[in-house]
Each structure stands twice: as structure tokens, then as C-alpha cells.
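This report concerns only the one structure given below.
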Protein chains: 4
Amino acid sequence: MNLPKQISDAARGSEPKGEKGRLRVAAIMEAGVQVFTEKGYDAATMTEIAARSGTAIGSLYRFFPSKESLADALLLRYALHVKNGLAEMAQQVSELPLESVADAFVDFMLVLQSQRSFANSLVDARGASADERARFREVMRGGVADILRRAIPGLSPAKAKLMSVVLLHTLKGVVNTANEEPAIRAMLLTEIRELVRIYLASASGRG
Amino acid sequence: MNLPKQISDAARGSEPKGEKGRLRVAAIMEAGVQVFTEKGYDAATMTEIAARSGTAIGSLYRFFPSKESLADALLLRYALHVKNGLAEMAQQVSELPLESVADAFVDFMLVLQSQRSFANSLVDARGASADERARFREVMRGGVADILRRAIPGLSPAKAKLMSVVLLHTLKGVVNTANEEPAIRAMLLTEIRELVRIYLASASGRG
Amino acid sequence: MNLPKQISDAARGSEPKGEKGRLRVAAIMEAGVQVFTEKGYDAATMTEIAARSGTAIGSLYRFFPSKESLADALLLRYALHVKNGLAEMAQQVSELPLESVADAFVDFMLVLQSQRSFANSLVDARGASADERARFREVMRGGVADILRRAIPGLSPAKAKLMSVVLLHTLKGVVNTANEEPAIRAMLLTEIRELVRIYLASASGRG
Amino acid sequence: MNLPKQISDAARGSEPKGEKGRLRVAAIMEAGVQVFTEKGYDAATMTEIAARSGTAIGSLYRFFPSKESLADALLLRYALHVKNGLAEMAQQVSELPLESVADAFVDFMLVLQSQRSFANSLVDARGASADERARFREVMRGGVADILRRAIPGLSPAKAKLMSVVLLHTLKGVVNTANEEPAIRAMLLTEIRELVRIYLASASGRG
DNA sequence: GATGAATGAGCCTTCATTCAT
DNA sequence: AATGAATGAAGGCTCATTCAT
């Protein structure tokens, strides 16, 4: 796919050079996350990403042959990250009361947060390729749907999928609170927690 | 501010030229909405907006001295539009059962929809100025908060404001459903309606 | 096709602005011929062509939306020029002795000369679009074949076409002599004249 | 000059490394011919040439310190090759009827053909240095002139040189036929043979 | 000596904005 | 006031060449 060339090389074995390459890729990706987050996909420039990561523009293009490929890689990495997180959550969820599950969702978004808002720009602003964006959405929805079915026994797969879409959107609200003043933000988070809680409760009742 | 120059002129009195100017501004704004919606803020070009509105690029710049100012004006107009809609809703809301209020919110978003997604691009993609975006948010929140207080007697202003933020975000989900397949979309809307309903009900109970 | 936008505009009527545009297009094309000739298609830069024609790079792109389109336009113009020249020659040819026809061919190439070598770069170096290059070749061959049939009664169309290819190539040699020292060049031209002469004579005999 | 450094080294004596070096140089040159032929001088990249020859880019630059130097070396080698071919032809030519000499020229170009078109790119596209290109031309002309004097007794050196230029250009037409459809091509070749034949015959008569 | 990651000048192209007409 | 040609900064991207390992 759009994985950086170096990553696939590095996957085969990690010589000293691979090590340096990996560091560089990491630096670029970090810079990418930063710049995309700050400016949005279109306004972000490869030159700035290169500069911010201490890389020559040519080197950046060595690892990511296009702006889109960088966005894709970032999105993919993030998707993987989230997937793992959700998988973990899935394993603990069956033993948790529904309220805690709600909290877990919110907390999960809180943890992602910083890495998250850039994902929003890439997904919303058509930054990444259509494919990658679709994949991303699917991963998110699948992971959440899975948790929901464990948390709410008897929930049909279809219903879980539906809920995952709505829930995911609601949780996106958590990230958006980042722009509010701290005091307000805290209250907003509480409010969102409450909303998620009653959503799950309701579904549990209905289901 | 970023109001079109002609608008302030026109405010003073409407000579034939003012009339023509108003028409032209309207045409530009319509074209602006179209192009921003289709391409997003960054990818939209002033030249295309001018062409699409049958205006010379120079004239466009006479009315809107920068791309951002056009985005600002569009956002402002939209905010006003929404404000009115919400104000209308506010007047009917006190006599409605809470479920109907929930539906009204969703239906309202559905009505806005087309005009709405462009607003999202401008707000999310930093198309408009930070000021205008903030103003936009405030208008939305204020209007919704007002409705909430009427729909749910005893709701404190602060709580209403808080809820408006969360509710607004949830309702944004309505617009996003536009990308889903029709069958799925219908179910998603139902799901969102349900969520809004229980949210209001819960607030009513808690309040 | 790839005609400069301004040219088609100007074709409709020539207002003062059209006049300026035409001048500018002419300047650009002249600079294009120069630079393409000196450096070849690939090594030529749009920036230099712009500078050499006293045009801002943006303006250049207003008239010729891509490097290739400029090359195409240049080739087309040249093709038209040659076509006319050949058509003219065609009308005088039936009354001329074969030797004079041969000379006419060589002289014709001599006249074209300066404009010619750039055409060679564009055609040989894949500078222009494949279409335009094919069209160019066809025009040249058709024109020459036509002349041949008038000059050599009884020449079949197929044979004329064949001969036009060979003759055209031979005549290309005239242009190449431009790099030789004057004294040598004169003798080379005489030699080529002789070759063309005997080629025509032979064909006349054979035909 | 632009000879590969290793070649001069190798000239002194051939240690194992010299042997390996010579192989490598050969591989690079082969790849160079391929890539230059396929893409033309400008579009060819050193990286691809390196890859195609199984050589590290750094090594390529050890042998050929610049793209131009590689082109020069290729042209030189080709010139030598042609020189030998012409020398061979020269020895058989005195016993051949003039028609066969004409055919021999055409056949010779046919044989070179594949290696030839790359030379055209390098020479026409200014790929190689001006010096090397001049040298190349001289070699070709000298070789052909020599043959001409043997084939046509009494031909003055000056006249032979003159004819060689014209003849060489005509023969270049043989290579160009490669782009035509096979049926057409066959006829073109016949036509060229005929032209060369009468050219030689004429010179023989005149001489 | 071999390797290939790193470099950065420079290319083609776009587009917001200006200003002469 | 209207027009649209002109401008040039800036962006994404390529590739010849270098140099640390």
C-alpha cells in the first residue's frame, strides 16, 4: 500500500541504516501529524513538514513519494493504533458495568486525542486517499461494534454497527472539546459521558 | 468586519446600482456556497466562483476583498439563517412533547443539510476567519440553548449551554449521514433521533 | 486543439486587448522557438521562455497551459507555414524543369531553416504531443507528395508518398548544414542539390 | 577526457579488481544504452541506469563522474564500433560492384540500427559533450569517405568527404524507418537503397 | 572501494490578488 | 464602477550528485 518504502525494508531486518531510516520516518510522521493538525491537509506543505522534521525535502519524498501517501500512512498508523486500543478494550468490557464501558469509551478518546484531531482533518478534508479513509472508518466502526456486542449481550450485529456509527460520531465530540476553556471542557466531558451512558443503557434496555 | 462592502453601501439606500450590486452579491454568494461545498475551501478558486456567478474576477474582489472575507460572509449569512430557524423553532417548542422537540431538531438539520455541509468545510477547514467561526458557533449554541430552556423548564442557562454544545455536535451527525447508502442512512437517522430523544428526556428528568 | 486561448479569442475580433494579447503570444512563441532550438525540449524551461519573451510566468501559462501545449502550438504554426509554402510551390512546379524543382526543394528548406531546426527537436525529442507530431509529418509528406506528382507526371500516389518520405529526410540534411563552416556548407548544399536532382530524374525515368 | 576512470586504470594492468571493474563498466554501459535509447538523454535517470546494471549509484559515479561523461563514453564506444565496421567494409569494397556497395551501406545501418538510435538521441539531444559529438561525426565521416574513395576510384578526398556527409545523413533515414509499419518500411528501405545506388553511380560517372 | 541515504537546486504549474484600461 | 489580463510567490515533486559509513 502506501507504507513508506523504508518501513517495508526495515521490516525485513534492522541494520544500523534501517535504524536511522526508522528514526527519520518517525520524525517525519510526527512532523506530519503536527502540521496536518495545525493547518489541515491542503494548507500543510511538504516543505514545512520536511523542515519541522529536520529532513531535506528530497529525503521526505524518498520515504513518502507523495503528500497523499504521507497522509495515508499517518491514517493507517493511527487506524492500527486505534484498532489495538479497541481490541484491548473489547477484552475487558464484558466484565464491566455499562456505565464503566461508557466511561471507557470517553477515556479512550481522551487518550487518543492529540493524535486524533489530525485524523479528523485527513478524513474530513479528503487528505488521504478515498480507499484509506474508507478503511479507516471501517476499522473504527468494526472495533466499536465489537465492543458494543460484548457490552450489550443480545445486540444484533446490524444494530451494533448502526450504534457504532452514532457512538463514534458522539465520541468525536470529545476531541472537539479540546478547544474549549478548561473549566467548560470538564463539564462538557461530563455531559458527554452522561450521554454515552444513557445511550448504552437505552440500547441495553431496547436490545 | 468582513461584510461585503456593497452590503453596507446598500444599507444606506438603494439606488439602481445598489440594486444591481445586491443581485451581484447574491449571485456571488450562491456560487461561493456551491463551489466551497463541492471542492472545500482550499480547492475552491476565486476564479471559478467568479465565473460561476457570471461576475468578473475584479468585481468579485470589489465586493469581497479576499477569499476569506467571502467565506466569512457566507458563514455569517448562514449563521443568520440558522438563527432565524432556531428562533422560529423556539416559539413552537414549549407546546411540544419532548419527543417532538427531538424530532424537530433532527428535521431542522435535515432541512439545512445542503447549505450545511459547506458550513462544515468552512468551519472545520479554517476557511473563514477565527472570529467568524467563533461567532458562528456562538449563534448556533445560543439558539439551541434557548430552545432547550423552553423545552425543558427548569433547565439552568449554564446547563442549557452545555447541552447545546453536545446536542449540536450530535446533530452534526445528521449531515454526515449524507454519505451513507440510503437504506443505511434511514436507519442511522432513526438511531440519531432516538439518541436525541433520550438525551432530552434524561435532561428533563435530571433537570 | 492546443491553440493558445487568446488566439481563438482574437480570432473572433480584435479589440485593443486582443491586439496586446496577440503581441504577447507572438513574443512567447518566438522565445519558445529560440529556447527550444537552443536547448531542446526537455532542457528548455518555461521560466526562461517567459523571461526571454518579457512575460511573467503566470501570463505564459495563461496563453499556453502547459509546456507541451506550447510545443504543439509551435509545431502547428510551423506545419501551417510549411503547408502554405508547399502549396505555393505546387502551383509553379508543373511548368518547371525537373532540375529547377529539385532546386526549389532545397531553396525551400533554406528559407525555412531557422524555424526548422526547432521543429526537429520537437518532433525528434517527443516534445510535442504524439498527435501533433504525427499531424506534422503527415502535412509535410502530403505536401511534398503532391508536388512530386505534379512534377513527375505518371507518378502513382503510393510511390509519391514513398518518395516524399525519403526526399523529406534528405532535405532535412539542408538544415543540418547550418552547423558547418560557410565554405563547406556551400559545397554541401551543392551536393544535396545534385542528389535531389538525380533522385527526381531517376524517379521520372523509372516512373 | 571523459573516459571512465576505471578504463585508464585497467589499461595499466588487470588485477582481479580491474576485472570486476571492467565487468561493471560493461554492465553500466549496456544499461546506459538501453535507458538512453528508451527514454532519451534527458528523461533517462542515473538511478535507473544504476539499477538496471545492478550497480550502486555511488559506484556508477565512481566510473562515470557525470551523466554527460557516461553519454560521452557510450558515444565513443559506439564510434569505435562503427569505425571498425566501416574499416571492414572498406576492405571488401574495392571488389564489389557499386550497387552492392550501396546495399552494403544500407545493410550496415540496418545492422547498427538498435545501437544506433541511442546515438541519435545523444548526438541530437546534446546528451554528450560538444567535443565528443564532433569527434563522433568525424569518425563516421572519415570512415565513409574512405570507403567511397575505394569504391569510386578517382574520387578526390574533398569530394569524398562531402559525399560522406550527405550519404551519412541519407543513411540515417534507414534508422528512422523503424517507426513505420513493416510493409511501408520495406518499401522505404528499397527506395533508400535505390537512392544510394544512383547517388554512388552518379558520383562515379561525374568523378 | 562499494554503498545508498541524503541533499537541495530547480522544474512545471496554480491561483489569490492587483491595476491599467 | 467594471473588466480581465498580468503578476509572482509558493507548492508538489524530481533527480544529478555527494559523502558518511
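Protein chains get the first letters and strands the later ones, always in sequence-line order, with residue 1 at the start of each.
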Specify the closest pair of heavy atoms between [X] and [Y], including all atoms of both residues, with the distance to one decimal.
{"X": "D:Leu75", "Y": "D:Ala128", "answer": "CD2-CB, 3.7 Å"}
{"X": "D:Arg24", "Y": "D:Ser59", "answer": "NH1-OG, 3.5 Å"}
{"X": "A:Ala31", "Y": "A:Ser53", "answer": "CB-CB, 3.6 Å"}

Nearest whole Å is fine: how far is [N] [atom2] from [X] [atom1]?
{"X": "B:Phe63", "N": "E:dT17", "atom1": "CZ", "atom2": "P", "value": "17 Å"}
{"X": "D:Leu60", "N": "E:dG1", "atom1": "CG", "atom2": "C1'", "value": "15 Å"}
{"X": "B:Phe64", "N": "E:dA16", "atom1": "CZ", "atom2": "P", "value": "15 Å"}
{"X": "C:Leu70", "N": "E:dC11", "atom1": "CG", "atom2": "C1'", "value": "15 Å"}
{"X": "C:Glu48", "N": "E:dA9", "atom1": "CD", "atom2": "P", "value": "20 Å"}

Between the side chain of B:Arg133 and the main-chain N/O of B:Leu122, is any donor-acceptor distance below 3.5 Å?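 Such a contact is absent between B:Arg133 side chain and B:Leu122 backbone.
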Short side-chain to backbone donor-acceptor contact, B:Asp72 and B:Glu132, under 3.5 Å: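 No: the side chain of B:Asp72 does not pair with the backbone of B:Glu132.
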Pairs under 3.5 Å (Watson-Crick or G-U), crossing ones as [ ], inter-strand ones as |: DNA chain F comes out as .||||||||||||||||||||
Test: B:Glu48 and B:Lys67 ion pair at under 4.0 Å: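 A salt bridge is absent here (no side-chain N lies under 4.0 Å from a carboxylate O).
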Taking the basic N atoms (NZ, or NE/NH1/NH2) and the acidic carboxylate oxygens, is any pair closer than 4.0 Å for A:Arg126 and B:Glu38?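 Salt bridge absent between A:Arg126 and B:Glu38.
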With a cut-off of less than 4.0 Å, is there a side-chain N or O of A:Arg62 near OP1 or OP2 of E:dA6?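 False: A:Arg62 side-chain N/O out of range (4.0 Å or more) of E:dA6 OP1/OP2.
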Could you tell me how the ring of A:Phe36 sits relative to the ring of A:Tyr41: parallel (under 30°), tilted (30 to 60°) or perpendicular (over 60°)?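 Aromatic pair A:Phe36/A:Tyr41 classed parallel.
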What nucleotide among F:dT3, F:dG4, E:dG8 has an atom nearest to a side-chain atom of B:Arg24?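 The answer is F:dT3, which lies nearest to the side chain.
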B/S/- along nucleotides 9-16 of chain F (protein heavy atoms under 4.0 Å) is B-SSBBBS
